[in-house]
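Beneath this line is the structure, given in structure tokens, with notes to follow.
Numbered from 1 within each chain, the chains take letters A, B, ... in sequence-line order.
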2 protein chains.
Amino acid sequence: MTGLRERQKAHRTRRILETSSQLFRQVGYGAVRIDDIARAAEISVGTFYNYFETKGDLLLAIVSMEVEEVHDFGKTLLADPPADVARALARLIGGYYDHSLVYLSKEMWRTAMAITIEAPATRFSTRFTDLDRMLTDQVCALLAELQRRAVVRPDIDTRALGEVVFNNLNAMFIEFVKDDAMTLPQLNDCVARQNAPLAALISC
Amino acid sequence: MTGLRERQKAHRTRRILETSSQLFRQVGYGAVRIDDIARAAEISVGTFYNYFETKGDLLLAIVSMEVEEVHDFGKTLLADPPADVARALARLIGGYYDHSLVYLSKEMWRTAMAITIEAPATRFSTRFTDLDRMLTDQVCALLAELQRRAVVRPDIDTRALGEVVFNNLNAMFIEFVKDDAMTLPQLNDCVARQNAPLAALISC
DNA sequence: CTTCAAAAATGAACGAACTCAATTATTTTC
DNA sequence: GAAAATAATTGAGTTCGTTCATTTTTGAAG
């Protein structure tokens with residue numbers, strides 16, 4: 001049976017996540033103080049730190065939920081990918097990018113990326129890194145699936161290529177969030193151009 | 001004629017850079033307080049902020065000097081690259097990695113990378129980003145040079161491929177600095193494996 | 001229903017990056 | 001060379017994330 005403690009803990013975790021992600025979007029991650037979050041979630045500052053290790057850890061929890069949705073999108077695409085390497089990659093990657101910005105600002109992404117590099121050992125930093133690996137696996141799986149369908153040449157190392165493609169799409173996403181002026185279409189065009197020679201080389 | 005002010009400014013900038021990079025290496029970036037740097041450089045805290053925008057900006061100034069040396073190494077290699085794509089890339093990338101760790105700890109790299117993402121508008125953050133672009137150009141130039149020498153197929157878009165290769169080597173370097181247990185040989189092997197299919201596909 | 005131990009909540013206190021109004025040093029002007 | 005203008009220095013003060021000793025709440029045992 002779930003005791004009062006357990007229920008309260010779940011309730012408060014949810015409340016912190018909801019109110020803080022709302023605040024982050026409204027006024028920006030940097031402008032929100034722990035005190036603001038505590039006030040909005042109706043807890044004390046000390047209690048906040050019973051639920052999340054740091055302010056950054058909270059952000060990564062929020063961002064991780066978003067990446068999970070991105071990963072789910074990928075799963076549906078992999079079930080029936082376009083029968084063309086360039087097009088399949090563009091659809092997967094474009095989907096990643098689109099989903100990434102529904103609830104999160106560029107500032108939130110910048111901060112999240114920075115934290116996973118600087119503090120990779122925190123609870124949700126680890127979670128985020130795991131999700132990144134899952135997305136890498138997904139890109140590799142797409143190439144493997146296209147290989148199975150005889151769209152990609154059979155002698156290609158899809159694991160190695162997939163890792164390279166993911167690292168590139170991720171690096172370009174970082175460029176994108178670093179530059180407030182850069183738009184999603186520009187990002188997609190840029191990555192498509194980079195993937196073009198690869199796609200051509202590995203296609204049957 | 002150089003006035004007293006100009007000379008003092010140059011002298012102090014040098015002094016801050018010297019003492020702080022020594023401190024960063026000795027006790028770690030995180031453990032050094034601005035107050036420590038000010039004391040070591042014989043200035044006040046306020047004066048420190050006349051010379052560098054933030055603590056992170058100072059770190060990026062130090063790291064940038066290092067990246068300049070990495071870039072210089074690349075220039076010498078490009079003058080006479082190995083006549084084999086995989087080997088040429090391994091030599092360039094391996095050289096980058098080796099030079100990167102002579103004076104800088106993994107912690108310093110982690111922090112530096114994090115800052116360029118989170119605060120890309122600071123003076124030395126911009127400098128660092130420029131240097132990154134110069135390294136990208138260098139990788140592209142290597143591929144172009146190999147193409148000129150008929151080692152790389154003439155129909156290859158060396159710009160696009162070079163960007164992908166750089167983004168990948170950079171992403172792997174981030175993985176490397178995030179993981180204290182990862183060694184340089186492991187990093188090199190990993191990237192060589194990733195580059196192998198690319199090298200095979202674009203070779204004449 | 002009490003008692004007690006364990007878990008959770010609390011907010012004042014701490015530490016460190018950064019700021020700014022006042023002071024001091026240098027350069028320019030007459 | 002004195003005075004005015006400009007630039008640089010200073011360190012106490014502010015802000016905000018984080019900690020921790022204390023108090024309060026919860027669940028179990030008798």
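- Rounded to whole Å, the distance from CD on Glu6(A) to C1' on dA8(C) is 14 Å.
- Between Arg12(A) and Glu42(A) there is no salt bridge, since none of the side-chain N atoms of the basic residue sits less than 4.0 Å from a carboxylate O of the acidic one.
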Carefully, step by step, assess Thr122(A) and Glu53(A) under the rule side-chain hydrogen bond (donor to acceptor under 3.5 Å, both in side chains).
CA-CA 7 Å; Thr122(A) 227; Glu53(A) 294 178 38; 3.0 Å; yes
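- Distances shown here put a side-chain N or O of Arg12(B) below 4.0 Å from the OP1 or OP2 atom of dT9(D).
- Geometrically, Lys55(A) does not engage Tyr49(A) in a cation-pi contact, judged by NZ or CZ lying under 6.0 Å from the ring centre and within 45° of the ring axis.
- For the segment residues 19-49 of chain A, residues with any heavy atom less than 4.0 angstrom from an atom of DNA chain D are, sorted by number, Val32(A), Arg33(A), Ile34(A), Val45(A), Tyr49(A).
- Nearest-nucleotide mapping onto DNA chain C: of Gln8(B) and Lys55(B), the residue sitting toward the 5' end is Lys55(B).
- For the pairing with Val85(A), the side chain to side chain contact (heavy atoms under 4.5 Å, CB included) check across Asn195(A), Leu198(A), Leu142(A), Val152(A) returns one residue only, Val152(A).
- Using a 4.0 Å cut-off, some side-chain N or O of Lys9(B) falls inside it from OP1 or OP2 of dA8(D).
- In terms of phosphate contacts, Asn50(A) brings no side-chain nitrogen or oxygen within less than 4.0 Å of OP1 or OP2 of dA8(C).
- The aromatic ring centres of Phe176(A) and Trp109(A) sit 6.0 Å or more apart.
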Thr129(A) vs Thr126(A), side-chain hydrogen bond (donor to acceptor under 3.5 Å, both in side chains): CA-CA, chis, key distance, verdict:
CA-CA 5 Å; Thr129(A) 303; Thr126(A) 305; over 6 Å; no
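- What separates OH of Tyr51(B) from C1' of dC18(C) is a distance of 18 Å, to the nearest Å.
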